[in-house]
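In what follows, a single structure is set out as structure tokens and then discussed.
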Amino acid sequence: MTTNIAPEADWDQAPDVLAGARELRLTPERCDLDYWLVNVAQGTLRGLVNGHRPEAVTPDHMRKPGPLRDALLTEFSFRSIAEDKAARAITSLVANAPDAKSMEFYATQLLDEARHAQAFRAHMTEVGVPEAEIDEVVERYAGEHRTHVLDPLEEFGLDVMNGPHPFLSGVLVLTVLVEGVLAPTGELSERKWKIVDPAAASVERGAGIDEIRHLTVGSEIVKRHLSRDPGLTEHVAGLLKRGNELWASLPVFEVLRRREELFQEGVQQIADVIGDHEIWPGRRLLDTTPDERIKAALEWSAETQAARLAYMGLAGE
């Protein structure tokens, strides 16, 4: 018997993160536990190996010590920590969910984030990191970035979820200030690794399909809360202001620049493999610079955030 998978959860039909996060409309009622079991467990995840499609292989050049492998380990170490922290924080949303469908949705998102962290670590073993050394390697490559970027974000989120309106506040922080900012960098990652390390790009594709669902359902939940109680708008606007000020104070550009400089050095060493491959229409990957790729990712983040805020009725906040 063939199971009909929802287009947004189908590996081949789902939009990319940028289009999906800006345009798709999903609700917690639609994306409940039954939806996840059918469309994600039996759809998105079907046949995956270490979080990626089995035909997406890891080239030999990714296993050789050097800047390209270092770029991958730097990026995936950071991503694994971020996903781990997200999974732990979502336990509060599950506990504080005001209805069964919201609780079910965040229970599935918790599992999604834990899977993402696992997939990023699993791919690190595919480029030659012994499984017993994963924690040590993650700390070596991303410990400083965790301390200066992810720990402050986690502290802010936990503080918010221990304050007024914990469920709404937690959903807002996760949807707009964490995933809404980080998900577009995953889109950049998928595009740049596509020819360099197809398995890495495939891991990002799988994570991106999930992030579209997380962003759109979270936005719908915030929109509903504000529609029912417009008086919450002032509280939400204050959280957004504090969150954006925090982001502005974090060394995010430095984190991105370090990984993109390593990537830049590495791709020049395999220019014959990359050839005329385009990272976006009309722009060859080999012709891009670290600053250009970072600029694109930050612009995508700003545009995605603006679209989500407009949908929630918070344009201009």
Side-chain angles (χ1 to χ4, degrees), residues 6-8 14-32 35 86 89-90 92-106 108-109 112-113 153 156-187 208-248 297-317:
E8 69 275 3
D16 62 31
V17 172
L18 302 180
R22 295 172 191 170
E23 301 167 6
L24 203 60
R25 303 289 181 261
L26 294 172
T27 68
E29 291 78 19
R30 172 170 169 76
C31 298
D32 60 5
Y35 173 98
I90 289 170
S92 178
L93 298 182
V94 174
N96 288 305
D99 55 77
K101 292 301 181 182
S102 295
M103 184 274 291
E104 287 184 17
F105 171 73
Y106 281 107
T108 67
Q109 183 171 345
D112 288 338
E113 308 296 8
L153 282 173
F156 175 72
L158 293 175
D159 178 63
V160 161
M161 287 187 281
N162 284 323
H165 313 291
F167 179 72
L168 170 63
S169 300
V171 172
L172 181 78
V173 168
L174 186 64
T175 302
V176 178
L177 296 172
V178 179
E179 292 199 316
V181 174
L182 295 178
T185 67
E187 175 71 18
I209 291 172
D210 292 333
E211 301 301 358
I212 293 170
R213 184 169 64 257
H214 303 164
L215 287 167
T216 53
V217 174
S219 297
E220 176 65 24
I221 289 172
V222 173
K223 179 182 176 69
R224 289 182 182 182
H225 274 75
L226 296 179
S227 296
R228 287 195 297 264
D229 186 356
L232 292 169
T233 302
E234 183 177 356
H235 169 71
V236 165
L239 284 182
L240 289 173
K241 182 175 184 294
R242 288 170 54 200
N244 285 323
E245 288 173 349
L246 173 61
W247 266 112
L298 295 178
E299 287 177 351
W300 294 340
S301 292
E303 292 166 5
T304 301
Q305 186 182 73
R308 290 291 93 197
L309 290 175
Y311 177 72
M312 290 183 277
L314 293 166
E317 298 297 340

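In this text, all values refer to a predicted model and were calculated from it rather than measured experimentally.
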Hey, does [Y] have a side-chain heavy atom less than 4.5 Å from the side chain of [X]?
X: Y35; Y: E104; result: no
X: E113; Y: E179; result: yes
X: T304; Y: E187; result: no
X: V176; Y: V222; result: no

Checklist entry - Taking T216 for the side chain and R213 for the main chain, is one N or O donor matched with an acceptor at less than 3.5 Å? => result yes
Next on the checklist: Taking L240's backbone N and O only, do any of them form a donor-acceptor pair with N244's side chain (distance below 3.5 Å, no angle check)?
Outcome noted: yes
Straight-line distance of [X] [atom1] to [Y] [atom2], nearest 0.5 Å:
X: L153; Y: L174; atom1: CG; atom2: CG; value: 11.0 Å
X: Q305; Y: L314; atom1: CD; atom2: CG; value: 10.5 Å
X: D99; Y: F105; atom1: CG; atom2: CZ; value: 12.0 Å
X: L239; Y: L168; atom1: CG; atom2: CG; value: 8.0 Å
X: L182; Y: S301; atom1: CG; atom2: OG; value: 7.5 Å

Checklist entry - Passes side chain to side chain contact (heavy atoms under 4.5 Å, CB included), R224 versus T27? Steps please. => result CA-CA 10 Å; R224 289 182 182 182; T27 68; 3.6 Å; yes
Search all heavy atoms of [X] against all heavy atoms of [Y] and return the closest pair with its distance.
X: D112; Y: H214; answer: OD2-NE2, 2.8 Å
X: L177; Y: G243; answer: CD1-CA, 3.6 Å
X: N96; Y: F167; answer: O-CB, 3.7 Å
X: R308; Y: L24; answer: NH2-O, 3.6 Å
X: E220; Y: P28; answer: CG-CD, 4.2 Å
X: D16; Y: I212; answer: O-CD1, 3.5 Å

Got a list of side-chain donor-acceptor pairs under 3.5 Å for residues 156-166, not counting sequence neighbours?
| unit_1 | atom_1 | unit_2 | atom_2 | d |
| --- | --- | --- | --- | --- |
| D159 | OD2 | R242 | NH2 | 3.3 |
| N162 | ND2 | L158 | O | 3.0 |

Next on the checklist: I'd like to know whether CD of E234 has more than 12 heavy-atom contacts from other residues, nucleotides or ligands below 6.0 angstrom.
Outcome noted: no
Checklist entry - Which residues pass the salt bridge (charged side-chain N to carboxylate O under 4.0 Å, His left out) test with E23, sequence neighbours left out? => result none
Next on the checklist: Working note: Q109 + V217, criterion side chain to side chain contact (heavy atoms under 4.5 Å, CB included); need CA distance, chi angles, decisive distance, verdict.
Outcome noted: CA-CA 10 Å; Q109 183 171 345; V217 174; over 6 Å; no
Checklist outcome for this item: With sequence neighbours left out, the residues meeting side-chain hydrogen bond (donor to acceptor under 3.5 Å, both in side chains) with E299 are K295
Next on the checklist: Determine whether T175 and I221 satisfy the following criterion, side chain to side chain contact (heavy atoms under 4.5 Å, CB included), listing intermediate values before the conclusion.
Outcome noted: CA-CA 10 Å; T175 302; I221 289 172; over 6 Å; no
